[in-house]
Amino acid sequence: MAITVAINLALISPSTLFHPKSPNPSKLRAFTLRCSSATSTAVPDLAEIPWKTSDARLVLEDGSIWRAKSFGASGTQVGEVVFNTSLTGYQEILTDPSYAGQFVLMTNPHIGNTGVNFDDQESRQCFLAGLVVRSLSISTSNWRCAETLGEYLAERNIMGIYDIDTHAITRRLRQDGSLIGVLSTERTKTDEELLEMSRSWDIVGVDLISGVSCKAPHDWVDRTNPEWEFNSSKRGGEAFCHMILESSIIYASETLKMKPDGVLFSNGPGDPSAVPYAVETVKEIIGKVPAFGICMGHQLLGLALGGKTFKMKFGHHGGNHPVRNLRSGHVEISAQNHNYAVDSSSLPEGVEVTHVNLNDGSCAGLAYPAQNIMSIQYHPEASPGPHDSDYAFREFIQLMKKVKVNS
């Protein structure tokens, strides 16, 4: 059945029109215009639209709704939205356990152009809740590429969205702070339902490290590819090569039973005050062996020493954060990923603040020489400088050597 719609437009009086302010009126002929169009309820062989249309929503707890296009997995997922200012390294970000429970919004607009390879993974799986990008590359160009970013996320059940105004969302996060959001490709869920989900979930006070930690102690057997090894000469003489990875829930007594030369408290996700069992473990270890904390480990050391931590407005996430070493005066370009920080004013006497973030003055490093403790808030192993922070590992090695000689 076809439906014809006709529109008649007639201009018949006056037969001559003119502009009243014109000295020479323009004469126009009268005319009749008839427009017709036909539509059908059944149009055979109608070609599909050759481009993807919006099929996803990001609903933030402030009530804003952002339409986007999906890639990777489908479904509905809730998480905390944070922005990352790194220009490269999206694969390392995807596999960083510190992003558990979070949607990572990349401020760099073009993502996916190098695809994904299996050499650059930071851990055994993707831990983030979802990925938000402005422009998803339609092709890949890298000799190590094994598959596209979309294929990689779909295989790991991670949601992604693109064609969304990441600049506007970033400005909102900077102004209002990190927000809880819900990603969804399900049309059956209303905007109101998704908004309620975002407002009923919270990341504060949630233990996230137990979900990303290894389940049992095991030896670290991976070796750095010689192509990427910059310390092959084993500078400093004796090296401490035997490393054991332990679970976050291990008892301090089990760690000390191994008689380690030192203990490194690693980075991890979430709120350090939500894991009091980890703080107690740190308390029982410090003072007995040299200790080095990175990121979450830095925060746990701060709490174990009697200090306090607080949630930052929007955190530090990126590979371009300037940090000043207060001992040397040098400025390092660092990689950071945390939403919490140590309150330096709460630290007891004898604990030295060794580094500060130059963007906001927050504490970026601690030392407590009386108990052979050192820590930094950023990731020296990420090497964005690229080698600005390598000295941190050398300092820890020297600390272990000194204690070992004097014991």
Could you verify whether a donor N or O on one side chain and an acceptor N or O on the other, from H316 and H338, lie under 3.5 Å apart? yes
NZ or CZ of R156 within 45° of Y152 ring axis and under 6.0 Å: yes
Step by step, work out the side chain to side chain donor-acceptor pair (under 3.5 Å) result for T185 and D55. CA-CA 6 Å; T185 59; D55 62 344; over 6 Å; no
Check this for me: Y251, atom OH, are more than 12 non-hydrogen atoms of other residues, nucleotides or ligands nearer than 6.0 Å? no
Is any side-chain N of the basic residue among D120 and R144 closer than 4.0 Å to the acidic one's carboxylate O? yes
May I ask you to say whether K283 pairs ionically with E280, meaning some side-chain N is under 4.0 Å from a carboxylate O? yes
Do S213 side-chain atoms and S248 backbone N/O form a donor-acceptor pair below 3.5 Å? yes
Do you know the tightest heavy-atom contact between L305 and V351? CD1-CG2, 4.1 Å
Verify the distance criterion only: is there a donor paired with an acceptor across the side chains of Y90 and N84 at less than 3.5 Å? no
For residues 348-363, which residue pairs pass the salt bridge (charged side-chain N to carboxylate O under 4.0 Å, His left out) check, not counting sequence neighbours? R327-E352
Going by distance alone, is a donor N or O of one side chain under 3.5 Å from an acceptor N or O of the other, for D388 and H330? no
Do the side chain of Q299 and the main chain of Y340 share a donor and acceptor less than 3.5 angstrom apart? yes
Can a donor-acceptor pair be found between the side chains of Y99 and E122 at a distance below 3.5 Å? no
Could you go through D96 and N337, starting from their C-alpha distance and side-chain angles, then the distance that decides it, and tell me whether this counts as side chain to side chain donor-acceptor pair (under 3.5 Å)? CA-CA 9 Å; D96 182 350; N337 175 21; 3.2 Å; yes
